[in-house]
Amino acid sequence: MPASDHVDLNGFIEGVKRRNPGQSEFVQAVTEVAEDIFDFIGDKVQYHEAQILRRIAEPDRVVSFRVCWQDDNGNIRVQRGWRVQNNNSIGPYKGGIRFHPSVTESVLKFLAFEQTFKNALTGLPMGGGKGGANFNPKGKSVNEIMRFCQSFMTELYRHIGADIDVPAGDIGVGGREIGFMFGQYKRITNNFTGVLTGKGLEWGGSLIRTEATGYGAVYFLQNMLKSRGQDVAGKVAVISGSGNVATHAAEKIVALGGKVVTLSDSEGFVHDPDGITQDKIDWVKTHKTHRRGRISDYATEFKSATFHGGGARPWGVPCDVALPCATQNELNGEEARTLLKNGCTAVAEGANMPTDLDGVHVFKAARILYAPGKASNAGGVAVSGLEMSQNSARMSWKEEELQTMLKDIMSGIHDRCLEYGRSADGHVDYVKGANIAGFKKVADAMLAFGVV
Ligand code: NDP
């Protein structure tokens, strides 16, 4: 047996740290997965011999490039863009583009790594990738955003393609930005093809793509609750974020008879004990997306609410269920303990890796219903996969058909988590289930390809 077979979990993590200096988010994501995978592959020599986990934790390639653009005052600005193509063993690379000042290579590598498992879990043929830039869209004019998107795509276009790598949106990238990038791709290549998802309905987009991540997270929550004979109806939900995922998760909770009492942004959170109804959610969508406003204004608009500033997070508000839907590491171990103390019994992550490693261990040890983002937020990429199918077939499915497919995909992911996450006493560790099910699919494909 090769010497590396004898590396234990700690040795493996030490190696990941050594090879990726200063990339704490990437190391965190790999650690969380490795904790479960080492257990699973303990007696499976084929995965050791082929060094599968080591290979999945080494991106196929990381492309980094300069993005120059001109602001409205004529100043030349320089940003850094990336595309991380993590693994394409089961399909073309697929994953969003993020524009946020906090974007680094480490953040995009963690997201592309997570995406590899998530995409495998959907059951659709998609590999894992992620991209973005350290560009801050806040405070920029529409023309500045357009010029940035065009400059970004002027480099990115040579690395992507409908059968190569198909990006989508993420934080800071919505329908408008996808439009600007698709327009530039089409202009450079003279090729109208399904190279991006999250497109407008008039030019190749799919119905329910916008809603899919938030709705999917709530469908996953519904599946978990059902396994304990419970339902979303009557449950009090604490949600973080106020962007695409948070507002659509809130919308679905309300539609199913639950009560949403918080939303947040990077400045703080609003607590509305009367409940954030559909009318109020519509106001938030318009205010945050179209007016680029702040969530603090909610408390001025709706007198039943209070705003808690200074970057405060909502996890101290008592609830039955929690849905972190803003960003990575927004819920730590202490906050996880507070949620439990206040009676929270289910957590479904809408964001990617919103719970830090300490928090994950707290939820796992408490044996609550805890769904990691790679399982519960996969609805978005799943409908992106369906958008790719519709583009290839030059057709579009009706809304009801897509709603049914989304529900089926989310319950399929739930079943896959049960398969590998259920212990003898019936408890389900969804983190373990998702990690192993995602790993196994990618790993078996990699074994078939030999050493490449
Ligand atoms: P949006 O840009 O629409 O919204 C992001 C929200 O998170 C905003 O409310 C934003 O507040 C808040 N936020 C961002 N950074 C921070 C921070 N550092 N601290 C506190 N709040 C912050 O993004 P999405 O809703 O699309 O994405 C949210 C999460 O869901 C991300 O983790 C993303 O990767 C994940 N996700 C998204 C998918 C999608 O389909 N869009 C698919 C799967 C996962 P502010 O306005 O102040 O910046």
With Asn391, which residues qualify under side chain to side chain donor-acceptor pair (under 3.5 Å), at least two apart? Lys199
I'd like to know if the side chain of Ser264 and the backbone of Gly241 have a donor-acceptor N/O pair within less than 3.5 Å. yes
Go through it in stages, so that I can follow the logic: the residues are Val381 and Lys118, the test is side-chain contact (heavy atoms from CB on, under 4.5 Å), and I'd like the CA-CA distance, side-chain angles, deciding distance and then a yes or no. CA-CA 8 Å; Val381 73; Lys118 181 192 309 191; 4.0 Å; yes
Would Thr116 and Asn86 count as a side chain to side chain donor-acceptor pair (under 3.5 Å) here? Give the steps. CA-CA 7 Å; Thr116 302; Asn86 193 70; 2.9 Å; yes
Sole residue of Val238, Val270, Asp274, Ile239 in side chain to side chain contact (heavy atoms under 4.5 Å, CB included) with Val261: Val238
May I have the step-by-step check of salt bridge (charged side-chain N to carboxylate O under 4.0 Å, His left out) for Glu267 and Arg294, ending in yes or no? CA-CA 8 Å; Glu267 291 178 357; Arg294 309 307 307 161; 3.3 Å; yes
Are Lys226 and Asp231 close enough, and set up right, to give a salt bridge (charged side-chain N to carboxylate O under 4.0 Å, His left out), and what steps lead you there? CA-CA 6 Å; Lys226 203 165 139 202; Asp231 194 8; over 6 Å; no
Looking at Asp444, I'd like to know if its CG atom is crowded, meaning that more than 12 non-hydrogen atoms belonging to other residues, nucleotides or ligands lie closer than 6.0 Å. yes
Under a 3.5 Å threshold, yes or no: a donor from one side chain and an acceptor from the other, between His361 and Glu32? no
Is the Lys NZ or Arg CZ of Lys186 less than 6.0 Å from the centre of Phe192's six-membered ring, within 45° of the axis? no
Looking only at heavy atoms, which two atoms of Glu330 and Glu335 are closest? And how far apart? O-OE1, 3.8 Å
Is it the case that the side chain of Thr345 and the backbone of Ile368 share a donor-acceptor pair, with hydrogens and angles ignored and the cut-off at 3.5 Å? no
With a 3.5 Å cut-off and no angle check, do the side chains of Asp36 and Tyr420 form a donor-acceptor pair? no
What are the two closest non-hydrogen atoms of Ile90 and Ala120, and how far apart are they? CD1-CA, 3.6 Å
Pair Asn332, Asp358 - check side chain to side chain donor-acceptor pair (under 3.5 Å), show working. CA-CA 6 Å; Asn332 62 29; Asp358 190 15; over 6 Å; no
Given the side-chain rings of Trp69 and Phe135, with only the six-membered ring counted for Trp, is the space between their centroids under 6.0 Å? yes
Salt bridge (charged side-chain N to carboxylate O under 4.0 Å, His left out) evaluation trace for Lys364 with Asp429: CA-CA 7 Å; Lys364 274 191 167 204; Asp429 180 338; 3.3 Å; yes
Are the side chain of Glu114 and the backbone of Asn352 linked by a donor-acceptor contact shorter than 3.5 Å? no
Basic-acidic side-chain contact under 4.0 Å: Lys94, Asp165: no
Donor-acceptor pair, side chain of Gln230 and main chain of Leu225, under 3.5 angstrom: no
Check whether the side chains of Tyr93 and Gln115 place a donor and an acceptor atom closer than 3.5 Å, and report yes or no. no
Considering all heavy atoms of both residues, which atom of Gly132 and which atom of Phe152 are nearest to each other, and what is their separation? O-CE1, 3.4 Å
Might you work through the ring pair (Phe, Tyr, Trp, His ring centres under 6.0 Å) test for Tyr430 and His414, ending with a clear yes or no? CA-CA 8 Å; Tyr430 286 91; His414 186 261; 5.3 Å; yes
Are any non-hydrogen side-chain atoms of Asn88 and Met126 less than 4.5 angstrom apart? no
Heavy-atom closest pair (Ala443 atom, Ile52 atom, distance to 0.1 Å) is CB-CG2, 3.5 Å
Face-on cation placement of Lys140 at Phe148 ring, 6.0 Å and 45° thresholds: no
Any side-chain donor near an acceptor of the partner, Ser384 and Arg209, under 3.5 Å: yes
Given the rule in the side chain to side chain donor-acceptor pair (under 3.5 Å) test, do Asp272 and Ser304 qualify, once you have shown the distances and angles that lead to the verdict? CA-CA 6 Å; Asp272 187 344; Ser304 50; 3.0 Å; yes
A side-chain contact here means heavy atoms from C-beta on lying under 4.5 Å apart; do Thr197 and Ser206 qualify? no
Evaluate side-chain contact (heavy atoms from CB on, under 4.5 Å) for Gln150 paired with Met153, printing each intermediate quantity in order. CA-CA 5 Å; Gln150 290 174 341; Met153 184 52 85; over 6 Å; no
How close do Ser141 and Asp72 get, counting heavy atoms only, and between which atoms? OG-OD2, 2.6 Å
Take Phe269 and Ser242, measure what side-chain contact (heavy atoms from CB on, under 4.5 Å) needs, and give me the verdict at the end. CA-CA 9 Å; Phe269 74 92; Ser242 48; over 6 Å; no
Compute whether any side-chain donor of one residue and acceptor of the other, for Asp60 and Gln85, lie under 3.5 angstrom apart. no
Can you tell me which residue pairs pass the side-chain hydrogen bond (donor to acceptor under 3.5 Å, both in side chains) test with a partner in residues 126-138, sequence neighbours excluded? Lys130-Asp170
Under the criterion side chain to side chain donor-acceptor pair (under 3.5 Å), I'd like the reasoning laid out for Gln28 against Asn329: C-alpha separation, chi angles, the key distance, then a yes or no. CA-CA 10 Å; Gln28 180 185 337; Asn329 290 330; 2.8 Å; yes
Which residues share a side chain to side chain donor-acceptor pair (under 3.5 Å) with Ser151, sequence neighbours left out: none
Can you find a side-chain donor-acceptor pair between Gln23 and Lys109 that sits under 3.5 Å? yes
Can you see whether Ser396 engages Gln390 through a side-chain donor-acceptor pair at a distance of less than 3.5 angstrom? no
Dump the intermediate steps for side-chain contact (heavy atoms from CB on, under 4.5 Å) on Met446 and Ile56, then the final yes or no. CA-CA 9 Å; Met446 288 173 75; Ile56 299 179; 3.7 Å; yes
According to side-chain hydrogen bond (donor to acceptor under 3.5 Å, both in side chains), does anything in residues 245-259 pair up with another residue at least two apart or in another chain? List the pairs. Tyr215-Glu251, Tyr219-Lys252, His248-Lys285, Glu251-Gln278, Glu251-Lys285
Distance-only donor-acceptor hits, side chain of residues 174-185, under 3.5 Å, sequence neighbours excluded:
unit_1	atom_1	unit_2	atom_2	d
Glu177	OE1	Gly174	N	2.8
Gln184	OE1	Arg187	NH1	2.9
Gln184	NE2	Thr154	OG1	3.0

Gap separating the CD atom of Glu25 from the OG atom of Ser106, nearest 0.5 angstrom: 3.5 Å
For Asn191, all residues meeting side chain to side chain donor-acceptor pair (under 3.5 Å), sequence neighbours excluded: none
Are the side chain of Asp320 and the backbone of Cys344 linked by a donor-acceptor contact shorter than 3.5 Å? no
Would a line drawn from the ring center of His287 to the ring center of Tyr298 be shorter than 6.0 Å? no
Minimal heavy-atom distance between Leu124 and Lys441, with the atoms involved, is O-NZ, 4.2 Å
Does the salt bridge (charged side-chain N to carboxylate O under 4.0 Å, His left out) test come out yes or no for Arg158 and Glu155, once each step is laid out? CA-CA 6 Å; Arg158 68 187 85 243; Glu155 172 61 30; 3.4 Å; yes
